Structure formats: C-alpha cells, structure tokens
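Each chain gets a letter, A, B and so on, in the order its sequence line appears, and its residues count up from 1. Bear in mind the structure is a predicted one, so any value in this text is a computation, not a measurement. Both backbone and side-chain heavy atoms feed into the values below; hydrogens, waters and symmetry mates do not.
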Amino acid sequence: MNAWIWGIVGILLTPVVAGLVGGIDRVITAKMQGRMGPPVLQPFYDVMKLFSKQNLVLNRFHHDLVICSLIFTVAAVGLLFAGENLLMCIFALVVGNVFLVLAAYSTNSPYSMLGADRELLQMLAAEPMILLAAVGIYMATGTFDINLIASGTHSAIQYLPGVFFGLIYVLTIKLRKSPFDLSTSHHAHQELVKGLSTEFAGPSLALFEIIHWYETVFVMALIYLFFASRPIVGIVAVLIVYFLEILIDNINARVKWDLMLASAWVITLIFGLGNLMLLFILK
Amino acid sequence: MAKRTIVPFGPQHPVLPEPIHLDLVLEDEMVVDVLPSVGFIHRGLELLCQKKSFQDMVFVAERICGICSFIHGVGYCQGIEKVMNLDIPKRAQFLRVFWGELSRVHSHLLWLGLAADAIGFESLFMHSWRVREKVLAIFEETTGGRVIFGAAKVGGVRIDISQDKLDQLAIALDEIQKEYEPLAKVFLEDYTVQHRWSEVGYLSKEDAHQLGAVGPTARASGLPQDMRKLRYGAYEDLEVEPIVETAGDCYARCVVRVKEIYQSLDLMRRVIHKIPAGEIETKVTGFPQGEYFSRVEQPRGEVVYYVKGNGTKFLDRFRVRTPTFANIPPLLQMLKGCTLADVPAIVLSIDPCISCTER
Amino acid sequence: MSDILKMFTTVIKSLFKKSTCRQYPFKKPVFFDRTKGHIQIDRERCILCSLCDKRCPTGAINVDRNARTWAINSYKCILCFRCVEVCPVTCLAMQQQYSAPEEIKKSEVVEIPAKAEKAKA
Amino acid sequence: MFEDQEIVTIERSELISRAQKISKEGYRLVQIGCTKQSDHFQIDYTFDKEYRFYNLRLSIPLDHPTLPSISHLIMPAFLYENEMHDLFGIQVSDMILDYQGKFYNIAKKAPFATISAADTTTEKG
C-alpha cells in the first residue's frame with residue numbers, strides 16, 4: 001500500500017521538479033552564454049502554451065503513439081518511486097522510448113525519419129551502459145529491488161566508481177544535450193530541424209516535453225541510487241552531475257553519430273564492464 | 001543500390017538564415033546529387049538604376065545586402081567615380097577602408113556565430129555575437145547606423161570621424177581583439193569543432209579555380225585570391241597579403257575567416273595611424289558617361305559592379321555579380337559525397353548571402 | 001584533453017559576470033551623438049521650399065505648398081540625413097529615439113503655420 | 001588606383017572557340033552580364049587570371065536573341081546564362097542545367113527587364 005502512495009507521489013511531483021530543474025537549467029545556460037535568459041518558470045509556460053494550441057495530427061497513430069510513450073515513461077518513473085524492480089523500470093522506459101521512435105516513423109517526414117533513426121542509435125549507445133549500471137548495483141547491493149537498495153547501509157558508489165563515470169557519460173545522450181543531442185535537441189535549429197520531434201505540434205509536442213521531464217527525473221533517480229544510503233550526499237551528487245551536464249552542453253559542439261556510438265561503447269566497455277569484472281574478481 | 005530519398009533543404013531551413021533551396025538526393029545519409037534553386041527574393045534592384053539618379057543609386061546598392069552593405073556602396077561609388085574621372089580625397093579613401101574592414105570583422109563574427117550554431121555549439125554562437133555587438137556599437141557611434149549606415153557617397157564619404165574619436169576607437173579595437181582571442185582559440189583548436197569540420201566539404205585547388213570560387217572559399221583551397229591586391233582606394237598605401245589555407249575543407253574556411261578578423265583589426269589600426277587630414281569628398285558635377293567593371297573584396301569574396309552611364313542622370317545598366325553567386329557551383333561540388341549532417345555546415349561554409357545573390 | 005576544454009574558461013567566466021543583455025524598454029538604451037531615430041521638423045522655421053521633398057532618395061517626405069503641409073512617411077524613410085543636409089534653414093533635425101510599432105503604415109503630417117513666413121517678410 | 005581592363009569585341013560565332021581557348025589558358029569566369037542597348041544586346045564574358053581582367057564582348061540583335069551555351073566548357077556559366085534568360089529573354093541553347101525561365105522563381109513571368117529607360121522616366125513624370 002505504501003509503495004503505491006510513493007509511486008503516485010513520484011508521478012505527481014516529477015513534472016513540478018523536472019520543470020523547475022529545466023527552468024534553472026535554462027537560466028544557468030543563459031548565464032554561461034552571457035545572456036539574461038528566460039524566467040525560471042518558462043518550461044511550464046511553454047508546455048501550457050503548447051497545450052492551448054491546435055493539435056495537428058498527421059495520421060491515426062501519430063498522437064496515440066505519443067500517448068503510449070507517455071504512459072510507459074510515467075509507469076517507469078512510478079515503478080521506480082514505488083520501489084519495484086530496477087530492471088523492470090529500465091525496460092519500461094525503453095519501451096516508452098520505442099513508442100516515441102514509432103511515432104516519429106509514422107509521420108513520413110524525412111527529417112522526422114532520420115531523427116528516429118538517430119534516436120535508435122542513441123538508445124543503442126546509451127542502453128548498454130544503463131543496463132550495466134543496474135547489474136552493477138545488483139552486484140554491489142545484492143538486489144534489483146529498489147526498496148532494498150534505497151534502505152541498504154552501503155552506497156553502491158564505493159564499489160562502482162567506473163560504472164558511475166560511464167553512466168554520467170551516457171547521461172548526456174539521455175538528457176539530449178550537446179555533444180550528443182543528435183536525434184532532437186532543445187533548439188529547433190539543428191541539421192534535422194528538430195529531428196525526432198519535427199512533426200509534433202501543439203499538445204503532442206507538449207506531451208513530448210513532459211515525457212522528457214519524466215526521463216530526466218528517471219535518470220537522476222538512477223544517479224541517486226548510487227548514493228542511496230546517504231540521502232543528502234545523493235541529492236548533492238545529483239545536483240553536481242546535472243550542473244556538469246549543463247557545462248558539457250555549453251563547451252561542446254554536436255558530434256556525428258559514429259563518434260557517439262563508438263565512444264559510448266568504448267566507455268561502457270572499459271569503465272562499465274571493467275569495473276564489474278574487478279568487482280567480480282575481488283568479491 | 002540503396003534507396004534514394006530526396007530531402008528538400010531550405011528555403012526556410014532553421015539552420016540556414018538564407019532562402020536558398022537545395023534538393024538533396026540522398027542514399028541513406030549520403031548526398032549523391034544536389035539541385036539548387038534560388039530566386040525566392042528577387043527584387044530587381046539592378047533595373048532600379050533606370051528610376052533612381054546615379055547618386056541615389058548608392059542607397060539601393062547598399063541595400064543589396066544587410067551585412068556587407070557598406071562595401072556594396074563603396075564598390076558602386078568606385079565604378080561611378082572611375083567613369084566620371086573623379087579624384088577622391090585620401091581621407092575619404094582611408095575612411096572607406098576603415099568602415100569596410102570593420103564590416104568584414106562584423107560579417108565574419110556573424111558567420112562564426114552562425115557556423116557554431118549550425119554544429120550545435122550554442123554558447124560559442126552567443127559569445128561570438130556578443131563580441132560582434134561591440135563592432136556594431138562602433139558603427140553606431142561613428143555613423144549613426146548599426147548595419148546599413150549610408151556613409152558612402154559618390155565622390156567620397158558623407159561622415160567624418162574626428163581624430164579624437166579615432167584614437168578612442170583604437171582602444172575599442174584592442175578591447176574587441178582581447179575578447180575575441182579566447183573565442184578564436186576555440187574555433188581553431190576545439191576538438192568537437194574540428195570533428196565536425198575537418199575533411200568535410202572538400203574543394204580541391206583545381207576545382208576552386210575551375211568553378212570560379214571567390215573569397216575565403218577560394219583562399220581556403222589554396223588560391224591566393226584577394227581583390228584588395230588590386231590596390232583600389234586606400235589599399236594602395238596599405239599592403240594586404242591574402243590569408244591562404246590549403247586544406248580546402250570547412251575547417252580551413254573557418255580558419256581563413258578567423259585569421260582575417262585579426263588581419264582586418266590590424267588594417268584598421270594602420271588606417272588610424274596613417275589617415276591623412278583633409279577633405280572627405282569632392283564635388284560631383286555632370287553625369288556619368290562610359291563604363292567600368294568595379295571589383296572590390298567583400299567579406300564573402302570578390303564582387304563585381306558593372307556600371308554603364310549614358311550621359312544622363314540615370315544609368316544605362318547597373319549589374320552586380322555577388323560573391324555568393326560565384327560560390328554556388330563550388331558549393332554543389334562540395335556537397336557531393338557528404339552526409340546529411342554535414343549539409344548545413346557545408347552550405348554555411350561559403351557564407352551564403354542569398355539576398356546578395358538575387359538582388 | 002585540453003582541446004575539449006577550450007570553451008571552459010569563457011563559459012565559467014561569464015557564469016559569474018553580469019549578462020550582456022539590456023532589458024529594453026525597462027532600461028533605456030545609450031544613444032551616441034549620431035544615433036538615428038526620427039526626422040523632426042521645427043514648424044516655425046520651415047519655409048516650404050520643398051528641397052527635402054526633391055532630394056529624398058526614397059520619396060518619404062512630401063511637401064504640399066498649397067495646403068501648407070509637410071509630411072513624412074517613417075516607413076519609407078531610411079534615415080540617410082539627406083534632408084537634414086539640404087535644408088536651407090536647418091529646420092530639420094534627427095530626434096534620437098526608438099520608434100514605437102504602429103498598426104498602419106501612415107504618414108505623419110505637420111501643418112506649417114502661415115504666420116511664420118509673414119513675420120519673416 | 002583603378003585596374004586596367006581589357007575588353008575585346010568578338011563575333012557570336014567565335015564565342016565557343018574563344019571561351020575554350022581562354023579557359024585552357026587558366027582564366028576563371030568572373031561573370032557573364034547582359035546590357036540592353038537601343039539596338040542590340042551587349043553580352044560581356046568576364047575572365048580573370050591572377051588579377052588580370054579580360055572581357056569578351058559580343059552583341060546580338062534585340063529580336064529573337066540567341067546564344068550558344070558555354071556551360072559545357074565552363075560549368076559555372078549555367079547560372080549566368082539562366083539569369084540572362086530570365087532577365088532579358090535571351091535564348092541560350094544547350095545549357096547543362098536549364099531552369100526554363102524559373103531561375104528567379106517569382107510570380108512575374110520571365111523576362112523581367114522589359115521596360116526601357118524611356119518608359120520609366122515618363123512613368124515617373
């Protein structure tokens with residue numbers, strides 16, 4: 001019963017927290033670029049404005065697929081906060097992502113299709129590391145159950161510094177920040193227009209933004225799990241990691257997909273798998 | 001054979017601030033063929049010479065382009081001055097060089113910003129434009145206009161800059177250089193920037209010559225071609241060596257522009273140092289009779305003005321061949337064999353100005 | 001490693017600096033001596049010679065001697081100072097301001113009082 | 001300082017051979033321009049080699065103006081030739097890429113420059 005309440009609280013709080021984080025992100029980014037930047041609440045204004053617009057649906061599946069994606073992503077966050085199985089949460093998130101790709105494929109626009117191609121490549125680059133992180137946490141704490149991980153006395157980070165580093169690396173892909181914002185970026189002026197989300201308009205685009213909020217919270221929660229035994233340290237670590245991501249976003253150009261894939265896999269192999277091997281041998 | 005798709009690129013592509021339309025024939029993400037179309041903003045400015053007197057035509061020439069407007073005006077004036085055998089005071093010629101080089105700095109900084117934006121480097125974009133803002137402030141301070149300022153005039157310039165102000169400007173130029181230096185370093189040395197531009201959009205020296213590339217596009221392919229070497233106007237007293245790179249890719253074109261900003265800043269300092277006192281214009285009497293092809297160097301390359309006067313206050317013919325027009329054939333060559341992700345970077349690398357192209 | 005951190009110092013520095021933006025219209029812009037804005041006429045001094053009308057390269061100024069009016073279409077005006085230069089009684093001047101947006105493109109008409117000319121004569 | 005400009009008047013039939021010769025000598029095409037005169041079109045082919053200006057000039061009649069294309073020899077010429085066609089209605093044959101009057105893709109039908117200087121001055125008056 002308790003788990004259900006936690007899950008619902010998580011689902012309800014996520015948009016508020018992620019929106020605020022997004023707003024602060026934009027202010028800090030603007031500062032780094034020497035600009036004034038929008039008000040902190042701007043992400044909420046954006047989403048509200050998008051909802052008030054006409055929904056241009058291209059075909060039968062388009063909008064429905066986005067809703068499916070939203071459901072799975074929300075479920076992933078809900079399950080995470082309810083303290084369910086970590087692997088299940090990750091797969092729910094992946095399914096949500098796949099629905100997004102399908103929505104983009106369904107539109108028949110070349111920019112959207114290429115964006116979807118790249119989104120798949122991004123998943124291919126990022127997911128192995130995220131799965132390794134889950135396995136690593138299992139090896140460190142002996143369980144996939146988030147409740148047990150969170151209430152454990154040992155933080156996973158002391159066994160998994162390599163995995164943690166690898167996770168930060170692929171986080172850039174998940175948060176859609178430079179240098180890995182290939183499929184769709186926060187700015188609609190990349191080579192693929194807005195890539196994956198080119199054909200989304202009005203409410204669909206608003207849902208897309210909300211999905212991204214949930215994703216953000218999900219990966220941040222994943223970071224937190226590494227420090228679960230000491231909540232304050234965990235929250236500070238999450239904030240530092242997020243700031244790092246903003247910084248990386250601002251000091252890099254967007255790279256091409258082959259470099260992204262290669263580097264993500266090399267990092268996964270060396271830091272992720274290497275760390276796990278060491279752990280396996282030493283334990 | 002892979003499936004071929006045709007991706008329309010432009011005329012309103014968010015990366016590209018210019019209305020050029022390219023039909024890209026793709027095999028997967030590889031461009032195999034390109035078909036350009038221009039002509040979305042043809043305004044018929046050349047024909048206006050039959051409606052505007054040759055003196056008012058300067059304002060039209062300046063409005064061909066919103067970025068290098070001053071040099072357009074100067075090129076036109078120079079043509080008329082040759083036709084009318086006018087002798088322009090030295091001070092006016094030096095002032096023309098000053099504003100012309102400042103326009104070059106402004107245009108190159110604008111381009112650097114846009115190019116950074118096209119490869120997803122937003123912070124570099126913002127910082128480039130922050131520096132550019134200081135250049136615009138100098139324009140506003142000296143002429144009153146920020147982009148199109150109407151300082152050129154048949155027979156000289158319309159506004160003088162006092163010596164005190166020139167000395168102040170020398171300090172301002174140093175400040176601009178100081179702020180520009182760290183950004184130039186990023187363009188020249190940053191890893192991701194090189195990753196996006198190195199070996200992208202290659203144009204060989206032979207192709208560059210054959211296809212008539214001009215300006216930084218030609219210089220980046222190893223052609224030492226700079227119209228300032230014709231020593232028109234005050235360039236007679238200011239020696240300019242073209243900046244040449246040999247790699248011929250997008251990165252080389254960026255390097256040429258980055259270095260040209262230093263060169264222009266240096267030229268302006270020499271102008272401030274050398275500028276003679278005296279009149280800023282000669283009186284214009286009579287009407288132009290005769291013809292001349294006036295060639296000047298713009299930020300984007302060589303621009304040709306053909307003026308033909310018939311002894312009345314209206315010209316017979318005013319023709320402009322802008323650098324972007326000449327750079328379209330090399331662009332088509334560069335695009336073949338690149339991936340879709342590189343297309344904006346390559347199109348931007350010639351610094352397209354379609355308003356210029358279509359007049 | 002150093003070549004991926006070229007932007008680092010610039011970014012961090014500007015994080016602690018004041019932003020370069022000026023929040024117009026809350027903060028008034030700084031005008032230079034030559035900043036352009038809007039052509040203004042001193043109606044007492046104007047002698048309706050219509051030189052400005054003739055010399056304006058865009059035909060933005062319209063002088064009607066019979067109706068005793070001087071009109072300027074700000075949307076045609078390119079602020080080239082030509083009229084200010086040619087005016088024999090220097091009644092035209094540049095007023096420094098940022099013009100507010102308008103809904104309709106219309107000319108601003110100024111009536112020139114007759115008494116000024118009489119007084120002169 | 002003004003540069004020296006060499007302008008050579010040639011016949012229409014010479015154009016191809018001249019263009020071939022000059023591009024072999026290593027000149028690059030600077031521009032092709034058309035000027036409408038009272039009784040003919042004046043066509044200028046401008047070339048440049050190491051800052052040496054060289055211009056071929058030929059004139060063609062006002063009615064049914066035709067020109068052979070040099071775009072097979074000098075690829076960039078196709079842009080200028082299409083431009084000439086759109087602005088002045090000059091029929092250029094065998095261009096490597098013929099836009100069929102849609103080079104400047106605007107509402108008005110090519111050719112655009114149909115009014116003469118005399119017409120416009122009277123219009124204004």
Checklist entry - Below 4.5 Å, heavy atoms only, C-beta onward: do Asp316(B) and Gln37(D) meet side chain to side chain? => result yes
Checklist entry - Just wondering, do Thr35(D) and Glu291(B) contact through their side chains at under 4.5 Å, heavy atoms? => result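 Glu291(B) vs Thr35(D): side chains apart.
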Checklist entry - Do you know which of Ile328(B), Leu35(B), Leu211(B), Val304(B) has the most heavy-atom pairs under 4.5 Å to chain D? => result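 Top count of heavy-atom pairs under 4.5 Å with chain D: Leu211(B).
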Item to check | Closest-packed option against chain D by number of heavy-atom pairs under 4.5 Å, given Lys82(B), His209(B), Arg295(B) | outcome: Arg295(B)
Next on the checklist: Quick one, Arg28(D) with Glu302(B), criterion salt bridge (charged side-chain N to carboxylate O under 4.0 Å, His left out). Give me CA distance, side-chain angles, the key distance, then yes/no.
Outcome noted: CA-CA 13 Å; Arg28(D) 98 189 136 86; Glu302(B) 168 203 47; 3.2 Å; yes
Engaged part of [X] at the chain D interface, taking heavy atoms whose separation is under 4.5 Å:
X         : answer
Tyr306(B) : side chain
Pro330(B) : neither
Tyr235(B) : neither

Checklist entry - Out of Leu29(D), Asn82(D), Leu79(D), which one racks up the most heavy-atom pairs below 4.5 Å with chain B? => result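 Ranked by contacts with chain B, first place is Leu79(D).
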Checklist entry - Taking Asp48(D), Val30(D), Ile32(D) one by one, which has the highest count of heavy-atom pairs under 4.5 Å against chain B? => result Val30(D)
Next on the checklist: Please enumerate all residues that pass side chain to side chain donor-acceptor pair (under 3.5 Å) together with Glu81(D), with sequence neighbours excluded.
Outcome noted: Ser69(D)
Next on the checklist: Please check: side-chain N/O of Arg317(B) versus main-chain N/O of Lys36(D), any donor-acceptor pairing under 3.5 Å?
Outcome noted: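 Checking the backbone N and O of Lys36(D) against the side chain of Arg317(B), no donor-acceptor pair under 3.5 Å is found.
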Checklist entry - If only atom types and distance count, is the side chain of Tyr51(D) paired as donor or acceptor with the main-chain N or O of Asp226(B) below 3.5 Å? => result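 Side chain of Tyr51(D) to backbone of Asp226(B), a donor-acceptor pair under 3.5 Å: yes, one is there.
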[X] atom [atom1], over 12 foreign heavy atoms within 6.0 Å:
X        : atom1 : answer
Lys49(D) : NZ    : yes
Asp39(D) : CG    : yes
Glu25(D) : CD    : yes

Next on the checklist: If you compare all heavy atoms of Gly212(B) against all heavy atoms of Pro76(D), which two are closest, and at what distance to 0.1 Å?
Outcome noted: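 Closest heavy-atom pair between Gly212(B) and Pro76(D): N-CG, 4.4 Å.
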Item to check | Gln31(D)-Arg319(B) side chain donor-acceptor pair, cut-off 3.5 Å | outcome: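 Looking only at side-chain atoms, Arg319(B) and Gln31(D) do form a donor-acceptor pair, the distance falling under 3.5 Å.
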Checklist entry - Given that the side chain runs from C-beta out, which part of Tyr80(D) has a heavy atom under 4.5 Å from chain B: side chain, backbone, both or neither? => result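 Tyr80(D) touches chain B through backbone and side-chain heavy atoms alike.
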Next on the checklist: Run the side-chain contact (heavy atoms from CB on, under 4.5 Å) test on Leu230(B) and Phe53(D) for me, step by step, so that the C-alpha distance in whole Å, both residues' side-chain angles and the decisive distance to 0.1 Å come before the verdict.
Outcome noted: CA-CA 11 Å; Leu230(B) 289 175; Phe53(D) 185 96; over 6 Å; no
Item to check | Working for salt bridge (charged side-chain N to carboxylate O under 4.0 Å, His left out), residues Lys229(B) and Glu50(D) | outcome: CA-CA 10 Å; Lys229(B) 286 286 271 181; Glu50(D) 280 150 18; over 6 Å; no
